[in-house]
*Asks:* 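A single structure is presented below for examination.
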Amino acid sequence: QVQLAESGGGLVQAGGSLRLSCAASGRTYSTYAMGWFRQAPGKEREFVAKIRWSAGSTYYAESVKGRFTISRDNVKKMVYLQMNSLKPEDTAVYYCASGRYVSASDVAWDYWGQGTQVTVSS
């Protein structure tokens with residue numbers, strides 16, 4: 001089992017920044033990728049960004065590319081999501097996830113955090 005705990009959400013004005021953190025614990029040796037997802041009210045959960053745990057390579061959804069940055073600290077077992085130039089449409093509950101690569105690019109997401117609310121006011 002892997003436990004994930006997000007923090008850092010809150011209320012921010014459009015154009016502002018927030019930094020989300022995700023602390024991983026438990027059997028993290030089984031984790032090869034970490035990611036962030038989000039779910040807005042009335043919408044399905046969507047992918048935001050992912051990072052390969054060892055190499056640090058990253059991949060982003062088009063909607064956040066250039067504004068969000070995912071990073072990790074292997075020693076502390078932490079993953080971060082730096083969000084800049086926030087827009088009202090970024091308002092959602094943000095979830096941290098961990099998983100395994102099942103192909104060169106696809107990840108099976110095995111574990112999820114409880115989520116943290118991000119609200120961007122216009």
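Quantities reported herein were computed from a predicted structural model and do not represent experimental measurements.
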*Asks:* Taking the six-membered ring for Trp, are W36 and F68 ring centroids under 6.0 Å apart?
*Replies:*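 Centroid distance W36-F68: not below 6.0 Å, so no.
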
*Asks:* Just to verify, which of E6, M83, Q39 counts as forming a side-chain contact (heavy atoms from CB on, under 4.5 Å) with Y94?
*Replies:* M83

*Asks:* Cation-pi check, R72 to Y80: give yes when NZ or CZ is under 6.0 Å from the six-membered ring centre and within 45° of the ring axis, no otherwise.
*Replies:*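 Output no; distance or angle outside limits.
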
*Asks:* Tell me the closest heavy-atom pair linking S98 and M34, and the distance in Å.
*Replies:*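 Where S98 meets M34 most closely, the heavy atoms are CB-SD, 3.4 Å.
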
*Asks:* With the side chain counted from C-beta on, respond yes when D90 and R67 share a heavy-atom pair under 4.5 Å apart, and no when they do not.
*Replies:*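 Yes, close enough: below the 4.5 Å cut-off.
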
*Asks:* In terms of side-chain heavy atoms, does R100 have a donor or acceptor partner in Y32 at a distance below 3.5 Å?
*Replies:* no

*Asks:* Between T69 (side chain) and Q82 (backbone), is there a donor-acceptor pair under 3.5 Å?
*Replies:* no

*Asks:* Just wondering, are more than 12 heavy atoms of other shown residues or ligands nearer than 6.0 Å to NZ in K43?
*Replies:*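 Check fails, neighbour count at 12 or below.
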
*Asks:* When you measure from the side chain of Y60 to the backbone of I70, do you find a donor-acceptor pair of N or O atoms at a distance under 3.5 Å?
*Replies:*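 Yes; at least one donor-acceptor contact below 3.5 Å.
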
*Asks:* Closer than 3.5 angstrom, by distance alone: can the side chain of T116 be matched with the main-chain N or O of G9 as a donor-acceptor pair?
*Replies:*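 It does hold such a pair.
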
*Asks:* What are the two closest non-hydrogen atoms of R38 and S63, and how far apart are they?
*Replies:*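 Scanning both residues, the minimum pair turns out to be NH2-OG, 3.5 Å.
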
*Asks:* What I'd like to find out is whether the side chain of F47 reaches to under 4.5 Å of the side chain of Y59, using heavy atoms alone.
*Replies:* yes

